[in-house]
Amino acid sequence: MSDPTRQSQTGRTAGRVREIDPAAIAKHFDSAEAEKRWDEAWQQSGVYRWDPIRPRAETYVVDTPPPTASGSLHVGHVFSYTQADVMVRYKRMRGMNIFYPMGWDDNGLPTERRVQNYYHVRCDPDQPYEPGLVLEEASAKVRKQPARLISRPNFIEACYTLIDEDEDYFRALWRRLGLSVDWTQEYQTIDDHCRRTAQRSFRDLFEKGVVYTSEAPTMWDVDFQCAVAQAEVEDKPMPGAYHRIEFAVEGGDGSFVIATTRPELLGACVGVTAHPDDERYRAYFGKRAITPLFRVPVPIFPSELADPEKGTGVLMVCTFGDATDVLWWRDQGLALRQLIGRSGRLVDVDFGSPAYGSLDPVAANRAYAELAGKNVKQAQQRIVELLRDPAASATGRGAPLVAEPEAIEHPVKFYEKGDRPLEYLPTRQWFARLLDRKQQLLAKGAEVQWHPPFMHARYRDWTENLSLDWCLSRQRYFGVPIPVWYPLGPDQRPDFAKAIVAATDSMPVDPTVDVPPGYAAAQRGQPGGFVGDSDVFDTWFTSSLTPQISSHWGEDPDRHARLFPADVRPQGHDIIRTWAFYTIAKALLHEDEVPWRHTMISGWILDPDRKKMSKSKGNVMTPLPLLEEYTADAGRYWAASARLGSDTAFDEQVWKIGKRLVTKLFNAGKFVLSQPGEAHPISDELDRSFVAELASLTAVCTSSYEQYDYAHALQQTESFFWTHFTDTYLELSKPRARWFADGAIGDAAVASGSAVATLRLGLSVLLRLFAPVLPYITEEIWSWAFAAELAHASIHAAPWPGASDFAHVPAPDDTGSFALAVSAHAAINKAKADAAVSMGREVERLVLVANPATLARLVPVLDDVLRAARCQSHATAADPSLEDGMFTVRDAVFVAKSEA
RNA sequence: GGGCGUGUAGCUCAGCUGGUUAGAGCAUCUCGUUUACACCGAGAGGGUCCGCGGUUCGAAUCCGUGCACGCCCACCA
């Protein structure tokens, strides 16, 4: 189909060209009608269908980003998905067999949240399943009441219902936008196939010893009650305060004051540290401090990580205030005094127990009773009051709080979707070992070609600075279950070291429902029986497998070989550290491969004030009204005008320009294809020099696209189309093109045929250069004549323009001829503008001035210039002072309007 | 604190490996209806290419440096 040797050539076709009847074509382009019609035609003809038979080398595989359909739809989606589609369309026209799937990322929190809000429900795993439960969108009245509690299976059903609706909406947008997706290759990250792929991935990593489970302090969101990975954490500046609290040194020899922003963790204090060189505290190293209020002795140790400049230079180590606390706790083998529970409230503890070892358990427990059950904020408030009481002192020298809290602003870690600061809680989680593979991760990242290249730095920086293994498990409901069971001992305690991973052929499994091999269902939860892991995977665990999901890794080796690694991953720069990183990690861990050879990184759409668009700011633009007003092609034009990787302020003006271009193409197409003519070879100097310009434009566009620089190709094509084609060549060749209709014979017929053939070649090439960006209008015009004439039913399956389009056109005698004609034409235009006459006004006579060499070179195209200007007679004058290629006009006399 | 990017006309942006007088579109102004297009055409005005220093016959472009803006990462006592 795309074999260039089978391509017929405009201008070579024998006999009359197939012209259209301009009257049969609407005055204006009805974009809405055309978009609907062509979308249907494309789906029917299957132009975007992947051919599973063609070899890998001819295949271009796209690892499409699966959108979160439950998220809000805005112009940013149009932006980045169009940029990818433009590249895909180019590759398709280059003859590549395109694999371009669409997935939906339904897993996880965004969907759960949307279901909770939409139906005003909460998932409660203890509720019984209600078969056939039908939920409705919650009314304002219902929303005022407490959310309805529904069972986990009901909740998951509700998720499925809603994502189906959301996906329909997205699908409609993608179709409207003209994304050349192969809709037979669709997946949902929650469907059986994806769950199987994710669980298979886990099993493979388990067998390779890459994943492990451990109970360790993990970042924890107290609202979602869920573990969080390093990649999902962001810092927010928060107001806080230094609280200066006096500790005693055991044995009565001294005291010191620590500064802390988290006084509520005083009861969780397990140590005290200062810099080894800090003279103020050197004497205390090796001794024990006594905490005020709770009177617990804790070791005092030196640490390089303590900053003498910060606070008072000495600080309390708690389980756990921050990441450094976790480090110290591990390195020093400190006690574990976990005060903060999973819900973010302080749990009950006994300060008299050996784990706490208070010297005055009664007083400690009395104080702590004031805090237990409170959340962090409330506890902080209360403990500050308690610390103002001199009786709480560990030194007996007055209130432990030695100064009023000093307000500061400091960065605090949040889950990116969370509302309250993260806590570190010791919980059992599954992890993937990444820290010991940094070098390989960096090497794979360097193997990928990043577009633009500087985006590679983000990947590199993130990988180099990685400090935690990947926490894979999440305490959520709507996700892919971790396919693991644990044997229960006689005491009903799970043996985590003997995890039973589901067999590949049983996947997908839900361990909370399915039974592990060798056990009976009745043994669930029984002594000597088993228990299923109730957690699900981090959503990235599944979405990092999109290349393998598409290639049917582990299921269809032939397909996998044809589709993996993919050729290109389009995505946003905000998810380099997550999606790109984890995808590279997975490909490395499973097969020691890169997941794709190229990645194209789109920028963001900012609002006109250069602020990021977000739902909460209320500055989100929805795309459909824009597409209605300006056409889908115009929206694509806007998206394709922006270079990869650069954030772009939304500018409706660009949509307007896009629409103007569409209209112009429509009109130019109508004109060119309505010229009748004998299809003579392209012979005239003007025509040949125009074709030479066209060929060089084509070469520029091709090389730009090869570098993923679609924006440059578009800009060049647009500028050529407007200035060289419509403003100039069309005008210059128009008189000759019309000769045929006037019954020209002999040389005139040849000259006329040359013009018509050139117009058609120009249009055909320009349409194809525009086709990746403007699929609708180009297809529309293509269908008028070229589809039959050039034997490619769809422009999107037509070959990308190249040497074979120009091979039959002889080179011009002077490659500068066209530029000279443009320049001379412009000089006459200026004379008309200066005289305030219309461009169509006939010229009785004029004098064309240029330097002698330029005048001589102009001769072969002079007639075309003069005819286009409606010039009855002329003279030339030499002015050696003028630069090469420059013209001016003198003594122009115009035919009076009434006569004309 | 580390890294990346950006800075060109009133606005949005092109200007590749250095090469005459720096470009486009929009906006402004003037003129013009011409059988593809008034959803149009022709023309004009408008710039210390962020500052400073350097390399060079020649710098928007290369080097150094400073400034401004944006982003990523680190910084949580």
Side-chain angles (χ1 to χ4, degrees), chain A residues 22 25 27-29 234-238 240 242-243 258-262 265 272-274 305-307 310-318 321-325 328 408-413 421-422 452 454-462 464-465 467 573-574 576-577 603-604 606 608 610-612 641-643 645-651 653-654 656-657 659-675 700 703-704 707 709 711-712 715-716 718-719 722-723 726-727 730-731 734 738 826 828-841 870 883 900:
Chain A
I25 291 174
K27 176 105 176 117
H28 298 304
F29 179 50
E234 64 182 28
D235 288 353
K236 287 187 193 171
M238 294 292 288
Y242 274 134
H243 298 75
I258 61 109
T260 179
T261 54
R262 302 207 57 184
L265 290 177
V272 166
T273 188
L305 295 174
D307 180 355
K310 242 178 184 171
T312 56
V314 62
L315 64 115
M316 65 171 184
V317 178
C318 308
D322 61 36
T324 344
D325 280 350
W328 281 317
I408 54 160
E409 193 182 74
H410 62 157
V412 179
K413 281 195 194 311
L422 290 170
F454 66 79
M455 285 295 177
H456 179 213
R458 297 218 183 166
Y459 174 85
R460 208 182 42 226
D461 291 354
W462 175 257
E464 279 169 355
N465 294 322
S467 59
H573 54 63
D574 50 329
I576 288 175
R577 72 177 189 178
W604 279 342
L606 310 173
R610 300 207 80 89
K611 301 249 164 53
K612 192 186 167 186
S641 297
R643 287 169 307 161
S646 53
D647 294 348
T648 306
F650 181 79
D651 183 4
Q653 198 63 48
V654 182
K656 278 187 196 164
I657 298 164
K659 186 177 185 183
R660 227 169 54 103
L661 175 61
V662 168
T663 306
K664 192 76 173 177
L665 268 164
F666 180 83
N667 286 313
K670 200 163 59 171
F671 169 73
V672 168
L673 293 176
S674 62
Q675 300 307 308
V700 166
S703 95
S704 297
Q707 293 161 57
D709 194 356
H712 189 246
Q715 195 183 16
Q716 294 294 307
E718 183 192 12
S719 151
W722 217 279
T723 66
T726 65
D727 290 350
L730 242 60
E731 296 306 326
K734 199 183 273 181
R738 291 211 180 102
I828 299 176
N829 283 347
K830 180 159 163 51
K832 288 184 173 177
D834 288 347
V837 302
S838 87
M839 290 301 126
R841 183 72 69 87
R870 307 189 70 193
E883 285 176 45

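Small disclaimer: the values here were computed from a predicted structure and weren't measured. Basis for what follows: all heavy atoms, side chains included, without hydrogens, waters or symmetry-related copies. Chain naming here is simple, since letters A, B, ... match the order of the sequence lines and numbering starts at 1 in each.
Contacts of A:H410 classified as side chain to side chain contact (heavy atoms under 4.5 Å, CB included), with partners at least two apart in sequence or in another chain: A:T261, A:I408, A:V412. With sequence neighbours left out, the side chain to side chain contact (heavy atoms under 4.5 Å, CB included) criterion links A:Q715 to A:H712. Scanning for side-chain hydrogen bond (donor to acceptor under 3.5 Å, both in side chains) contacts around A:W722 gives an empty result, with sequence neighbours left out. Take A:W604 and apply the ring-ring contact (aromatic ring centres under 6.0 Å, His included) test, not counting sequence neighbours, and it matches A:H573. Residues passing the ring-ring contact (aromatic ring centres under 6.0 Å, His included) test with A:F666 are A:F29, A:W784, sequence neighbours excluded. Partners of A:R577 by side-chain hydrogen bond (donor to acceptor under 3.5 Å, both in side chains), not counting sequence neighbours: none found. With sequence neighbours excluded, the residues that form a side-chain hydrogen bond (donor to acceptor under 3.5 Å, both in side chains) with A:D322 are A:T324. With sequence neighbours excluded, the residues forming a side chain to side chain contact (heavy atoms under 4.5 Å, CB included) with A:S838 are A:R841, listed by chain and number. Partners of A:E464 according to the side chain to side chain contact (heavy atoms under 4.5 Å, CB included) rule, which considers only residues two or more places apart in sequence or in another chain, are A:L442, A:R460, A:D461.
Contact check for A:L730 versus A:F671: side-chain heavy atoms found under the 4.5 Å cut-off.
OP1 and OP2 of B:A24 both lie 4.0 Å or more from every side-chain N or O belonging to A:R660. Using a 4.0 Å cut-off, no side-chain N or O of A:R460 falls inside it from OP1 or OP2 of B:C72. Not one side-chain nitrogen or oxygen of A:W462 sits closer than 4.0 Å to the OP1 or OP2 atom of B:C4. Within the 4.0 Å cut-off from OP1 or OP2 of B:U35, not a single side-chain nitrogen or oxygen of A:K27 is found.
B:G64 sits 16 Å from B:G18 when the P atoms are compared, rounded to a whole Å. Between B:A38 and B:U34, the two C1' atoms lie 11 Å apart (nearest whole Å). Of the C1' atoms belonging to B:C50 and B:U8, the separation is 10 Å, rounded to the nearest Å. Taking atom P on both nucleotides, B:G25 is separated from B:U17 by 25 Å, rounded to a whole Å. Using atom C1' as the reference point in both B:C31 and B:C71, the two lie 47 Å apart (nearest Å). The same atom, C1', is picked in B:G41 and in B:U33; the two are 9 Å apart, to the nearest Å. For the C1' atoms, the distance from B:U56 to B:C13 is 30 Å, rounded to whole Å. Using atom P as the reference point in both B:G23 and B:U48, the two lie 15 Å apart (nearest Å).
Between A:E464 atom CD and B:C4 atom P the separation is 12 Å, expressed in whole Å. For the pair A:K310 NZ and B:A74 C1', the computed distance is 11 Å after rounding to whole Å. Here B:C75 presents its C1' atom at 13 Å from CG of A:L305, a figure rounded to the nearest Å. The nearest whole Å value for the distance from the CD atom in A:E718 to the P atom in B:A24 is 13 Å. Rounded to whole Å, atom C1' of B:G3 lies 12 Å from atom CZ of A:F454. Atom NE2 of A:H456 and atom P of B:G3 are 17 Å apart (whole Å). Per the geometry, CG belonging to A:D834 stands 10 Å off C1' belonging to B:A42, to the nearest Å. Nucleotide B:C75 holds its C1' atom 12 Å from the CG atom of A:N465, rounded to whole Å.
In this structure, A:Y242 reaches the sugar-phosphate backbone alone: every heavy-atom distance under 4.0 Å involves primed, P, OP1 or OP2 atoms, never a base. Across all strands shown, A:T312 has no heavy atoms under 4.0 Å from either base or sugar-phosphate atoms. Backbone-only engagement by A:T260 is indicated by non-hydrogen atom pairs under 4.0 Å involving sugar-phosphate atoms exclusively.
Of the possible polar contacts, one joining the A:T663 side chain to the A:K659 backbone as a donor-acceptor pair under 3.5 Å is found. The main-chain N or O of A:M839 is found under 3.5 Å from a side-chain atom of A:K832 such that the two form a donor-acceptor pair.
Using Watson-Crick or G-U wobble geometry with both donor-acceptor distances under 3.5 Å, B:C40 finds its partner in B:G32. Using the Watson-Crick or G-U wobble rule with both distances under 3.5 Å, B:U17 pairs with nothing in any strand shown. The partner of B:G64 is B:C52, judged by Watson-Crick or G-U wobble contacts that both fall below 3.5 Å. The nucleotide B:G46 finds no pairing partner, because no Watson-Crick or G-U wobble arrangement with both distances shorter than 3.5 Å includes it. Of the nucleotides present, none pairs with B:A9 by Watson-Crick or G-U wobble criteria with both distances under 3.5 Å. Using N1 to N3 plus N6-O4 or O6-N4 for Watson-Crick, or N1-O2 and O6-N3 for G-U wobble, each under 3.5 Å, B:G70 pairs with B:C4.
Among the nucleotides B:C39, B:A14, B:C37, the one closest to the side chain of A:R643 is B:A14. Listed nucleotides B:G25, B:G41, B:A44 differ in distance to A:K830; the shortest reach to its side chain belongs to B:A44. Considering only side-chain atoms of A:T648, the nucleotide from B:C73, B:A36, B:C13 that sits closest is B:C13.
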Interface polar pairs with nucleotides 17-23 of chain B, N/O, under 3.5 angstrom:
residue: B:U21; atom: O4; partner: A:E883; partner atom: OE2; Å: 2.5

Protein and nucleotides 67-71 of chain B: nitrogen or oxygen contacts under 3.5 angstrom:
residue: B:C71; atom: O2'; partner: A:R458; partner atom: NH2; Å: 3.1

Every protein N/O lying under 3.5 Å from an N/O of nucleotides 28-34 of chain B:
residue: B:U33; atom: OP1; partner: A:K897; partner atom: NZ; Å: 2.4

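Distance CG/A:N829 to CG/A:D834: 10.5 Å, rounded to 0.5 Å. The CG atom of A:D709 sits 8.5 Å away from the OG atom of A:S703 when rounded to the nearest 0.5 Å. Taking CZ of A:R458 as the reference point, atom CD1 of A:I576 lies at 5.5 Å (rounded to 0.5 Å).
A:D235 contributes a side-chain N or O that forms a donor-acceptor pair with the base of B:C75 under 3.5 Å. The base of B:C37 sits with one of its N or O atoms less than 3.5 Å from a complementary donor or acceptor on the side chain of A:K664.
With RNA chain B read from its 5' end, the first of the two nearest nucleotides for A:D574 and A:D461 is the one closest to A:D461. When each of A:V314 and A:N667 is assigned the nucleotide of RNA chain B bearing its nearest heavy atom, the one mapping closer to the 5' terminus is A:N667.
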